[in-house]
Amino acid sequence: MRGNLSNGIVSIKIEEGSKRPISLHEKSMFGRIEADSLNLSLIEACYLLEKGRLDIYEDDVECSIGYIIDILKEQELYGKYIVYRDLKDRGFLIKTGFKYGTDFRLYSRGRSSEMGHSYYLVKIIFEKYEINSLDFASYVRVAHGVNKKFLMAIVDDDFDITYYNVEWTRP
């Protein structure tokens, strides 16, 4: 499949007779269908490029994986991409967690947003980042309030990830 990179979005044209972009969205929850195209975030597109399922072009020049990763690094999204890739490789379906103040919301394998609620909210924290205790408490409280588990993904300087499942308890 061919995707075209423009303004940080990779668009795959949905052509008559080709159901691949629609299937990619419906089965694996990639991107958003808008008009006649499937629009992917740069993180989603990089994952598909790395897996050999997408070719990305910018101004009719094919982009290498290194080029896309360099863009992610410039935009300080590389750590987020590493966590996305790890969770995707573990079989989770992933959508943005923006409305919950987190980075991602996760759906179990074989489920989609139409089939139920997400299981986890994921917040990515970099090892050297100082987190305010009130912010931390609010992430946990929001997750508890919407009946989801809260996962903290700690990314170190080598881009290794450690996950912590944090639960709210009443004293």
Side-chain angles (χ1 to χ4, degrees), residues 3 5-12 24-34 37-51 54 68-171:
L5 173 61
S6 178
N7 298 321
I9 300 292
V10 175
S11 296
I12 302 170
L24 194 60
H25 173 71
E26 290 177 352
K27 290 184 181 177
S28 301
M29 293 177 64
F30 283 102
R32 225 183 219 160
I33 294 181
E34 296 176 8
S37 64
L38 173 62
N39 294 330
L40 304 171
S41 71
L42 202 53
I43 289 172
E44 292 171 311
C46 186
Y47 180 81
L48 291 169
L49 175 64
E50 191 173 34
K51 296 300 180 187
L54 179 68
I68 299 299
I69 286 175
D70 285 344
I71 293 173
L72 290 172
K73 286 179 179 178
E74 286 172 15
Q75 296 179 6
E76 297 183 2
L77 292 173
Y78 185 66
K80 189 173 181 177
Y81 170 69
I82 293 298
V83 173
Y84 178 91
R85 182 180 66 192
D86 182 62
L87 293 170
K88 201 72 171 159
D89 287 348
R90 291 173 187 254
F92 287 102
L93 300 175
I94 305 170
K95 289 307 248 179
T96 180
F98 182 72
K99 72 179 179 180
Y100 299 108
T102 60
D103 294 292
F104 302 125
R105 56 195 154 110
L106 304 181
Y107 295 83
S108 297
R109 296 177 189 142
R111 296 188 73 181
S112 72
S113 57
E114 289 81 30
M115 294 173 50
H117 296 285
S118 58
Y119 244 32
Y120 296 99
L121 296 179
V122 179
K123 181 70 177 170
I124 301 167
I125 309 283
F126 292 90
E127 185 177 46
K128 293 189 177 174
Y129 176 79
E130 292 182 20
I131 186 167
N132 178 305
S133 60
L134 294 176
D135 290 340
F136 179 75
S138 71
Y139 301 140
V140 177
R141 190 173 56 249
V142 166
H144 176 77
V146 293
N147 295 320
K148 298 178 190 334
K149 295 184 180 201
F150 179 67
L151 287 180
M152 252 184 16
I154 307 295
V155 180
D156 69 17
D157 289 341
D158 295 326
F159 295 102
D160 291 325
I161 309 160
T162 304
Y163 295 99
Y164 294 96
N165 181 21
V166 183
E167 294 182 19
W168 182 83
T169 58
R170 186 177 302 250

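Bear in mind the structure is a predicted one, so any value in this text is a computation, not a measurement.
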Considering all heavy atoms, the nearest [X]-[Y] contact:
| X | Y | answer |
| --- | --- | --- |
| I94 | K88 | CD1-N, 3.7 Å |
| I124 | D103 | N-OD2, 2.7 Å |
| A45 | V10 | CB-CG2, 3.5 Å |
| C46 | I69 | SG-CG1, 3.9 Å |
| G101 | Y139 | O-CE2, 3.6 Å |
| M152 | F150 | CG-CE2, 3.6 Å |

Exercise. What residues form a ring pair (Phe, Tyr, Trp, His ring centres under 6.0 Å) with Y164, not counting sequence neighbours?
Worked result: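 Ring pair (Phe, Tyr, Trp, His ring centres under 6.0 Å) check on Y164 returns nothing, list empty.
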Problem set entry | Under the ring pair (Phe, Tyr, Trp, His ring centres under 6.0 Å) test, residues paired with Y47 that sit two or more places apart | Y84
Exercise. Just checking, K95 and F30: is the charged tip under 6.0 Å from the six-membered ring centre and within 45° of the axis?
Worked result: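 Here K95 fails the 6.0 Å and 45° test against F30.
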Would you indicate whether the side-chain heavy atoms of [Y] and [X] approach each other to under 4.5 Å?
| X | Y | value |
| --- | --- | --- |
| Y163 | I154 | no |
| Y119 | K149 | no |
| R32 | L38 | no |
| F136 | V166 | yes |
| L151 | F104 | no |
| L48 | L24 | yes |

If only atom types and distance count, is the side chain of [X] paired as donor or acceptor with the main-chain N or O of [Y] below 3.5 Å?
| X | Y | result |
| --- | --- | --- |
| R105 | S118 | no |
| D156 | D158 | yes |
| S37 | N39 | no |
| T102 | G97 | yes |
| N132 | L134 | yes |

Rounded to the nearest 0.5 Å, what's the gap from [atom1] on [X] to [atom2] on [Y]? Could you check?
| X | Y | atom1 | atom2 | result |
| --- | --- | --- | --- | --- |
| I71 | L77 | CD1 | CG | 10.5 Å |
| K27 | M29 | NZ | CE | 15.0 Å |
| I43 | Q75 | CD1 | CD | 9.0 Å |

For this session: May I have the step-by-step check of side-chain contact (heavy atoms from CB on, under 4.5 Å) for I68 and L49, ending in yes or no?
Result: CA-CA 9 Å; I68 299 299; L49 175 64; 3.8 Å; yes
Problem set entry | Counterpart residues, side chain to side chain contact (heavy atoms under 4.5 Å, CB included), relative to Y129 (two or more places apart) |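 Y129 satisfies side chain to side chain contact (heavy atoms under 4.5 Å, CB included) with I125, F126, I131 once adjacent residues are dropped.
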Problem set entry | With sequence neighbours excluded, residues passing side chain to side chain contact (heavy atoms under 4.5 Å, CB included) with F159 | Y78, I82, V155
Exercise. What pairs of residues pass the salt bridge (charged side-chain N to carboxylate O under 4.0 Å, His left out) test when at least one of them lies in residues 39-51, not counting sequence neighbours?
Worked result: E50-R85, K51-D89
Seminar exercise, completed: Quick note, salt bridge (charged side-chain N to carboxylate O under 4.0 Å, His left out) partners involving residues 122-131, not counting sequence neighbours, are K128-D157
Exercise. Any side-chain donor paired with an acceptor under 3.5 Å for N165 and Y120?
Worked result: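 Side chains of N165 and Y120: no pair found under 3.5 Å.
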